[in-house]
K.L.:
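My questions will all concern the structure given below.
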Amino acid sequence: MEERLQSCYAEIAALFEELYPSDGGTALNYFLDMLRRSYAQRKEALRAQDEKRLLDPDWYRSNGLLGMMLYVDAFAGSLRGVRDKLAYLEECGVNYLHLMPLLKTVKDRSDGGYAVADFRQVQPELGTMEELEALADECRARGICLCLDFVINHTSEDHPWARAARAGDPVCRSRYFFFDDREIPDQYEKSLPQVFPTTAPGNFTYLPDCGQTVMTFFYPYQWDLNYRNPMVLNDMTENLLFLANRGMDVLRLDAIPYIWKELGTDCRNRPEVHKLARLLNLACYVVCPGVLLLGEVVMEPEKVAPYFGTPEKPECQILYNVTTMCTTWHTLATRDVGLLRRQVDQLGRLPGNALFQNYLRCHDDIGWGLDYPWLGSRGYGEAAHKKYLNDWFTGVWPGSWSRGELYNDDPRLQDARLCGTTASLVGMESEDPEIRRQAIRCDEMLHAWMLTQSGIPVLYSGDEIGQFNDYSYHEDPDKRQDSRYLHRGRFDWDLAALRHDPSTLQGELFQALRRMERRRAELALFRSDAEMTAFDTGSDRVLGIRRTRDGKALTALFNFSEIPQSVENPAPGGTDALNGQKYDAPRLDLPGYGFAWILTEERSE
Ligand code: GLC
């Protein structure tokens, strides 16, 4: 550890100097001692794993990882429950498990667990820290990586720092943004957008009991931390390392773009954020070099990639591929693959260290962060297009089979977002059996597309059996304001029991996904180091992708429309990677929402 620390000491010191010029070394020394302390507390099994991973720095970049994200309570009631269900996850092929926030929070003020009241305690209904550690041990023994959220931008108003700050403690107040009156908050508001315009309007909250106003970008009970105070960085880094030492393999840096505030700006993606992210990366490198950082950067396309840092100075090893995710849904609604094609080529130009987590759905809404300048050149106006997408996916548009709900719909902003499970969004709730069949094909095609992308594919729990929306949140007073609960329903084990029966929707989907996932894990062409490009298939509705590696190629076609398409065969003489069919004909017919994975070499890998 000392060697690693020495090797990056100069960079750590320089970053402290840049962020905290008046510190005089106190906070820096604290940081260094804290790293040593955290390393001393790291158990032997984890240190051994770190050493192994240091020798194989690409350990997480293979085609062998398949992820799933889930809520502990919705999936199995508790951490023990999850442990009992590991066999199911293994049957799903999952070896990377993201557990949604499970640290201590207050029930009716939890934001789904993203308002943390204690970074070192598990929410009692879900279990204990010992049980989390035991689960991590068990996962490690089975070769499953574990990912946990680290909510870095804010704490719950019930966190001890927040409580003390509220009671007037000046040291704790300096960990947040406290104001005597609205003067500065009003200045901030001039340049600040809103995260939750309808569910939590404004970026500041007045606390009548102490006559103060506190900064709250998200919900009023989520108080933004002030990283201009170096002790916030020090203590939060120590919390992060504490969780790493419990056996987490990946820590998800929640809402990372927001952690540095600058009056007169939108307080997102400030240069200082990247310095802080780099410091967190260095802290992990020193203490737990086998642990990875996953950045949650839900921003416009050009703002995302900088969070990888550079190959020499990495920040997050993994980022959510939010751009491809939301463009995929746009493509489905428009049946026009133009933007997706363009983005695949843009992603192909990123530096070699970039690695995305690919997904169709997650616990959050789909925000329409598309490339509007380009869409504008194709005749799509931003507000009108967002409205079309929302109308299509909420079933308002004539002929739509989709069953989503809007999220944060403030008519003045014309920026509503969307909620719903994959199955419900593609029409599986329809009464019409034809539409339901079409929806299963569409769901499979979307998953095939997700699995084709470079990076780590992550399923949203329930999607493997086509779980529908959960409308019961409308009846729950703690949840009904937040439509994201539409797709956070209880996992339905009765439906999961049908997964072996291919005559059921669940069985058909589950088995189709497993076939594709297995094939992906077998073929080196799916490794992240394969080259991936998009090509023109001659049809606006059919996305064409080529992955090449070691002289072999996988040509993939995805029909993003319900109408059958015929395209020129892009891989004559090729073989279907899933069913062995030969593609000799000059043209290739794809059914509505059909897809193909075509190998142009023997399956010799
Ligand atoms: C992230 C989470 C989201 C949460 C927010 C505030 O965006 O994904 O669920 O509401 O951060 O913590």
Side-chain angles (χ1 to χ4, degrees), residues 67 69-74 98-106 108-117 119 123 147-159 162 176 192-203 205 215-225 227 236 239-240 250-259 261 267-269 273 277 293-300 303-304 307 316 318-323 325-326 357 359-369 407-408 417-420 458 460-461 473 478-479 481-489:
M69 55 185 300
L70 54 84
Y71 281 94
V72 170
D73 54 344
H98 175 187
L99 299 178
M100 300 307 294
L102 48 78
L103 298 177
K104 192 160 178 235
T105 184
V106 177
D108 59 347
R109 284 175 278 136
S110 77
D111 185 21
Y114 284 98
V116 178
F119 291 95
Q123 178 69 357
C147 168
L148 199 68
D149 280 85
F150 186 63
V151 186
I152 187 169
N153 178 65
H154 43 261
T155 74
S156 154
E157 65 176 346
D158 293 281
H159 189 281
Y176 299 95
L192 275 180
Q194 302 195 36
V195 185
F196 296 150
T198 56
T199 48
N203 290 291
T205 300
M215 185 187 280
T216 54
F217 277 13
F218 293 82
Y219 277 108
Y221 51 79
Q222 289 168 308
W223 293 7
D224 287 66
L225 285 165
Y227 282 85
M236 289 300 282
N239 284 331
L240 179 128
V250 181
L251 289 159
R252 172 188 181 275
L253 300 179
D254 180 59
I256 176 86
Y258 299 81
I259 65 176
K261 278 57 178 189
C267 296
R268 281 133 171 89
N269 313 299
V273 173
L293 297 176
L294 160 67
E296 190 228 358
V297 183
V298 180
M299 292 283 150
E300 309 88 293
K303 306 271 173 56
V304 177
Y307 285 85
C316 299
I318 315 170
L319 293 175
Y320 279 78
N321 195 345
V322 61
T323 305
M325 183 279 293
C326 91
Q357 167 164 325
Y359 62 113
L360 294 173
R361 291 298 295 112
C362 73
H363 68 295
D364 277 332
D365 50 290
I366 304 172
W368 299 115
Y407 179 66
N408 270 286
R417 289 118 77 173
L418 183 87
C419 295
V458 178
Y460 188 57
S461 172
Y473 86 95
D478 290 344
K479 297 181 174 164
Q481 310 302 332
D482 194 329
S483 52
R484 290 177 298 178
Y485 286 104
L486 182 66
H487 51 256
R488 294 177 181 176

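Both counts, for ligands and for their atoms, begin at 1 and track the order of listing.
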K.L.:
F218: which residues meet the ring pair (Phe, Tyr, Trp, His ring centres under 6.0 Å) condition with it, sequence neighbours left out?
P.N.:
H154, F196, Y258

K.L.:
Only counting residues at least two apart or in another chain, list the ones meeting side-chain hydrogen bond (donor to acceptor under 3.5 Å, both in side chains) with N408.
P.N.:
T198, T199

K.L.:
Using side-chain heavy atoms (C-beta onward) and a distance below 4.5 Å, is P193 in contact with R268?
P.N.:
yes

K.L.:
Begin from the C-alpha positions of Y359 and H98 and carry the test ring-ring contact (aromatic ring centres under 6.0 Å, His included) through to its verdict.
P.N.:
CA-CA 12 Å; Y359 62 113; H98 175 187; over 10 Å; no

K.L.:
Can you check salt bridge (charged side-chain N to carboxylate O under 4.0 Å, His left out) on D73 and R488, steps first, answer last?
P.N.:
CA-CA 10 Å; D73 54 344; R488 294 177 181 176; over 6 Å; no

K.L.:
Tell me the residues surrounding ligand 1, counting only those with a heavy atom closer than 4.0 angstrom, sorted by chain and number.
P.N.:
D111, Y114, H154, F196, F218, Q222, R252, D254, E296, H363, D364, R484, R488

K.L.:
Taking side-chain hydrogen bond (donor to acceptor under 3.5 Å, both in side chains) as the definition, give me every residue that meets it alongside T155, ordered by chain and number, with sequence neighbours left out.
P.N.:
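Here the qualifying residues are Y176.
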
